[in-house]
Number of protein chains: 2
Amino acid sequence: MDVKAVCLGMLTDGEASGYDLKKQFESTFGHFFAAGYGSIYPALASLASEGYVDCREVPQEGKPDRKVYRITDAGRTRLLEALEKPDPSHKVRSEFLAMMYFAHLMTREQIDTIISHRKQEFDQYLKMFADFEADGLKDWTPGMRFVCGFGKAVTTAIRAYLEEHGDTMTAKDTDNRKAAAG
Amino acid sequence: MDVKAVCLGMLTDGEASGYDLKKQFESTFGHFFAAGYGSIYPALASLASEGYVDCREVPQEGKPDRKVYRITDAGRTRLLEALEKPDPSHKVRSEFLAMMYFAHLMTREQIDTIISHRKQEFDQYLKMFADFEADGLKDWTPGMRFVCGFGKAVTTAIRAYLEEHGDTMTAKDTDNRKAAAG
DNA sequence: CGCAACATGTAAGCGGTTACATGATTAC
DNA sequence: GTAATCATGTAACCGCTTACATGTTGCG
């Protein structure tokens, strides 16, 4: 399941342009499978060359032609094959946790700054999940609900953990930075 | 904070070989910052060439010489600089959630297989965290406790979510795969 | 007899990120 | 006027993954 496969999946919901897909990668997929134009446009070009999608060019004035992609039968087959993988990955890469691991080498100010930045980011996610629920949960598939609920559950847990334990590294009255440096 | 910086951080705890560091990347860092030999050995070579670590070769019989690295003063300075970053990343990349998003295109069997694999993996993590706590929490720094607690909190939340909602995608009596393919 | 642990590394490749390049329209 | 939105793409780069290459010791 790479960017190409996800594009294919999104296109089962109806035709769309690269620009449209980007918005979905940012919003619904943002917290677990982000992708930028540099991944999406080449992915669509590649899918088109392989016959997994059709491309229809819609002329526009003052803007580049809008390229609208539609999934083909071969594309559907390919997607279903991609969905056969029995043990898909779930990876975290966190500079944040790596740095916190070495909190004893940092100043209290540095730690506080980082923790408060994190809190803000997770609050934004929480807001996003709330918006999803307020909005259009009605015509969502069970899978979409599951993924949204998953994100909300994880983010809620993290947010609570930061609130409860975010100050445990700054509570001490010693600044270990000098000791470590010297 | 890349692999090189993390190696530097690990070396503040005492000298070690690439092989030693790999074990730490697998165990304590495994759930949020994994790295293999293909990253670690080049990282150490690079750090050595830049003067951030010293290398001492310990001859051994029947095995390649053990190369033991020690952080230098320049290395400590470099590490402290790396730790100044005010907003380190925390990224999730999940084929798992991407696939679940398209659960309506999968069979119940496929979904069940994936969910049960996930449960097993998260149970292993939970066991690992429990082992950490049983073992040597005594001489841990606050940062290490924080990171371990973070992992435990997140994993616990996920595990509970899977238990409660893992079957919501298979509850329906329709298999949408055929409809999607046809 | 086979597997895990010990121990080091290289090289190709893959996939994603970032910066670059272009430019009109609309809303504040 | 200036920022955001619409709209497409390329190319260089970066960093990590995977496979390859080699060989001993010790345990069950």
Check your understanding: What is the distance from CD1 of B:Ile40 to C1' of D:dT18, rounded to the nearest Å?
Key -> 14 Å
Practice item. Kindly indicate whether a cation-pi arrangement holds for B:Arg93 with A:Phe32, taking the cut-offs as under 6.0 Å to the six-membered ring centre and within 45° of the axis. Key: no
Point to revise | A:Asp167 and A:Thr170: side chain donor to acceptor below 3.5 Å | key: no
Review point. Has A:Arg93 got a side-chain N or O lying under 4.0 Å from the OP1 or OP2 atom of D:dC16?
Key: yes
Exercise for review: Could you walk me through whether B:Tyr101 and A:Phe146 pass ring-ring contact (aromatic ring centres under 6.0 Å, His included), step by step?
Suggested key: CA-CA 7 Å; B:Tyr101 192 91; A:Phe146 174 85; over 10 Å; no
I'd like a list of close polar pairs between nucleotides 7-14 of chain C and the protein, N/O only, cut-off under 3.5 Å.
{"from": "C:dA7", "atom 1": "OP1", "to": "B:Gln60", "atom 2": "OE1", "distance (Å)": "3.0"}
{"from": "C:dA7", "atom 1": "OP1", "to": "B:Gln60", "atom 2": "NE2", "distance (Å)": "3.4"}
{"from": "C:dA7", "atom 1": "OP2", "to": "B:Arg66", "atom 2": "NH1", "distance (Å)": "3.4"}
{"from": "C:dT8", "atom 1": "OP1", "to": "B:Lys67", "atom 2": "N", "distance (Å)": "3.1"}
{"from": "C:dT8", "atom 1": "OP2", "to": "B:Tyr19", "atom 2": "N", "distance (Å)": "2.9"}
{"from": "C:dT8", "atom 1": "OP2", "to": "B:Tyr41", "atom 2": "OH", "distance (Å)": "2.9"}
{"from": "C:dT8", "atom 1": "O5'", "to": "B:Tyr41", "atom 2": "OH", "distance (Å)": "3.4"}
{"from": "C:dG9", "atom 1": "OP1", "to": "B:Lys67", "atom 2": "NZ", "distance (Å)": "2.2"}

Check your understanding: What is the distance from CG of B:Leu44 to P of D:dC16, rounded to the nearest Å?
Key -> 13 Å
**Study point:** Rounded distance (Å) that lies between atom P of D:dG15 and atom CE of B:Met1
**Key:** 14 Å
Exercise for review: Note down the inter-axis angle between the two ends of the helix from C:dC1-D:dG28 to C:dC28-D:dG1, five pairs each, to the nearest 10°.
Suggested key: 50°
Exercise for review: Round to a whole Å and report the spacing from CG of B:Asp2 to C1' of C:dG16.
Suggested key: 16 Å
Practice item. Would you please indicate yes or no on a ring centroid separation below 6.0 angstrom for A:Phe150 and A:His31? Key: no
Review point. Taking atom C1' of C:dG16 as reference, at what distance in whole Å does atom CD of A:Glu26 sit?
Key: 16 Å
Practice item. Would you kindly give the CD-to-P distance between A:Gln24 and D:dA7, to the nearest whole Å? Key: 16 Å
**Study point:** Transitive ILVMFWY side-chain link B:Met128 to B:Phe29, under 4.5 Å
**Key:** yes
Point to revise | Rounded distance in Å - NZ (B:Lys22) to P (D:dC16) | key: 14 Å
Point to revise | A:Asp13, CG: over 12 other non-hydrogen atoms inside 6.0 angstrom | key: no
Review point. So B:Phe132 and B:Phe129, would you call those rings parallel, tilted or perpendicular, with 30° and 60° as cut-offs?
Key: perpendicular
Review point. Within a reach of under 6.0 Å around NZ of A:Lys4, are more than 12 heavy atoms found that belong to other residues, nucleotides or ligands?
Key: yes
Check your understanding: Salt bridge between B:Lys23 and B:Glu26, side-chain N to carboxylate O under 4.0 Å?
Key -> no
Review point. Is the phosphate of C:dG15, meaning OP1 or OP2, less than 4.0 Å from a side-chain N or O of A:Ser39?
Key: no
